[in-house]
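Residue numbers start from 1 in every chain, and the chains themselves are labelled A, B, ... in the order their sequence lines are given, proteins ahead of strands.
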2 protein chains.
Amino acid sequence: MPHPLGLRERKKAQTRETIVRCAMELFAERGFDATTIADIAEAADIAPRTFFGYFPSKEAVVFHDFEEMFADFETRLRSRPKDQTAFEALRTWIVEMITRVEENGETAMEDQRRCLIHDTPSLDAHERANMGRFHELLTECVAADLDVPADSLRANMVAAAAVAALESLRELKDDDTSGPEQAIAVMDEVLVFLVGGLDALRATSEAGAASD
Amino acid sequence: MPHPLGLRERKKAQTRETIVRCAMELFAERGFDATTIADIAEAADIAPRTFFGYFPSKEAVVFHDFEEMFADFETRLRSRPKDQTAFEALRTWIVEMITRVEENGETAMEDQRRCLIHDTPSLDAHERANMGRFHELLTECVAADLDVPADSLRANMVAAAAVAALESLRELKDDDTSGPEQAIAVMDEVLVFLVGGLDALRATSEAGAASD
DNA sequence: CCGTAATTTTGCAGTGAGTGTGATATTCTG
DNA sequence: CAGAATATCACACTCACTGCAAAATTACGG
């Protein structure tokens with residue numbers, strides 16, 4: 001048993017990577033909309049029909065690692081120790097994510113991808129849908145932390161601010177030498193904001209209850 | 001001069017309304033994806049090609065009033081009195097919007113539209129892109145209010161929470177007899193949260209500056 | 001090493017959104 | 001009512017994406 005995976009699995013993984021690499025190169029060269037499936041297939045040396053055996057749509061190539069990433073986050077979030085808040089879990093995860101990207105020297109690639117997404121409307125919409133999933137998941141867990149219903153406004157706001165910070169981190173990264181330090185600083189700032197806001201809400205609701 | 005608008009303009013407006021009405025009926029009956037442009041064209045008694053003279057895409061029909069709405073909000077926001085915050089302008093606008101919809105008895109139609117958007121991925125993505133425009137605009141104006149750069153984290157968070165409230169309002173509306181009162185209550189809660197959060201940030205930055 | 005079953009790749013035909021173009025019909029202007 | 005402006009339409013096209021069945025590839029038992 002010399003191989004951890006059979007020939008089939010290895011070839012599939014390899015083809016998938018080839019598709020991603022070729023597609024991203026073409027997108028960078030001539031833009032997302034100006035690149036056809038046929039172009040990608042030719043560059044990756046596969047039949048156009050085969051592309052759809054690997055990805056359900058052209059957009060999916062750009063977000064090829066999202067499902068994995070999201071699943072990882074969800075697992076960590078749901079299996080976090082009882083004394084850890086959802087926000088803390090998010091912070092830890094983000095720091096690890098950034099560290100990993102920098103270790104692998106993928107910063108340039110990530111930047112390029114962000115630009116592509118930013119100036120292609122259909123990709124931008126897709127990205128927002130992805131962020132929406134983060135938002136939903138976070139709302140649910142934040143609600144549990146705060147011991148309020150999952151559709152409550154404050155859980156929703158807290159999650160929204162956290163997601164905003166996440167987006168803000170992406171834009172910040174190409175500014176200068178980032179490292180995880182800046183991310184930590186940002187998340188700390190968010191935490192102060194959220195705790196302050198929640199305290200204020202608690203204060204007014206207590207005052208309201210006292211005056212009743 | 002018996003007519004405020006020429007025959008042409010009137011006919012165009014009428015056709016546009018017919019398209020919207022027919023399309024929304026079909027969407028409600030058989031779903032968005034199961035309805036083709038050809039179906040809509042037949043129902044509205046126009047040529048399929050003519051549809052695209054009125055709307056750039058099938059999705060655009062569902063959001064037929066967004067551009068107008070957004071432009072209205074932007075105007076109000078940018079021309080608001082100097083002593084009014086962006087958040088106050090948002091609150092006023094929302095209350096007017098809700099009041100108008102209820103006066104016209106369009107609540108049922110709005111609900112139906114929300115459902116359609118919610119369970120059609122492509123529409124959901126489009127909706128999120130629209131909300132993104134609100135977010136950007138609000139971020140810019142909130143930043144001006146707070147006297148911080150437009151790409152600063154706190155302006156972004158404040159705007160994100162405000163947008164979250166906006167979304168939260170839509171889901172809340174079909175619960176029971178809503179009226180503008182609930183919207184006002186929600187916005188007040190958001191305001192408490194935001195002010196509390198911002199105060200906390202100010203407090204820590206002052207403490208940090210003092211300890212330096 | 002070989003046959004066969006499982007799986008992957010591929011070609012082909014088709015649906016549906018959206019665009020460019022030029023002809024035809026309608027409305028506006030003088 | 002003639003002619004300019006504009007709206008509608010038919011036609012042909014590109015491209016994303018799907019279903020299907022044949023062909024190629026890989027895995028496995030003997």
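- Within 4.0 Å (heavy atoms only), A:Thr35 reaches sugar-phosphate atoms of the nucleic acid but no base atom.
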In B/S/- notation, 5' to 3', how is nucleotides 18-30 of chain D contacted by protein heavy atoms closer than 4.0 Å? BBB----BBS---
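- One interatomic measurement links the two molecules: CD1 of A:Ile40 to C1' of D:dC15, which rounds to 12 Å at whole-angstrom precision.
- The existence of a salt bridge linking B:Glu167 and B:Arg128 is excluded, since no basic side-chain nitrogen approaches an acidic carboxylate oxygen closer than 4.0 Å.
- Between the CD1 atom of A:Ile19 and the P atom of C:dT10 there is a distance of 10 Å, given to the nearest Å.
- Note on A:Arg21 versus A:Glu17: no salt bridge recorded, every NZ/NE/NH1/NH2 to OD/OE distance being 4.0 Å or above.
- Taking atom CD of A:Gln14 as the reference point, atom C1' of C:dT9 lies 15 Å away to the nearest angstrom.
- Taking atom CZ of A:Arg10 as the reference point, atom C1' of C:dT7 lies 16 Å away to the nearest angstrom.
- Between A:Phe63 and A:His126, the distance from one ring center to the other falls under 6.0 angstrom.
- At least one side-chain nitrogen or oxygen of A:Thr50 sits closer than 4.0 Å to the OP1 or OP2 atom of C:dT10.
- In this structure, A:Glu127 does not pair ionically with A:Arg113, as no charged nitrogen and carboxylate oxygen lie closer than 4.0 Å.
- Atom CD1 in B:Ile37 sits roughly 10 Å away from atom P in C:dT19 (whole-Å rounding).
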Pair B:Thr36, B:Asp39 - check side chain to side chain donor-acceptor pair (under 3.5 Å), show working. CA-CA 5 Å; B:Thr36 68; B:Asp39 294 336; 3.2 Å; yes
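- B:Glu67 and B:Arg133 are joined by a salt bridge, as a carboxylate oxygen and a charged side-chain nitrogen come within less than 4.0 angstrom of each other.
- Applying the 4.0 Å criterion to OP1 and OP2 of C:dT9, one finds that A:Tyr54 has a side-chain N or O inside that range.
- Ranking D:dT8, D:dC9, C:dT8 by closeness to the B:Thr15 side chain, first place goes to D:dT8.
- Between the CZ atom of B:Phe32 and the P atom of C:dG16 there is a distance of 14 Å, rounded to whole Å.
- Rounded to whole Å, atom C1' of C:dA17 lies 9 Å from atom CD of B:Glu59.
- Between B:Arg80 and B:Asp145 there is a salt bridge, since a side-chain N of the basic residue sits under 4.0 Å from a carboxylate O of the acidic one.
- Rounded to an integer number of Å, the gap from CZ of A:Arg30 to C1' of D:dC15 is 14 Å.
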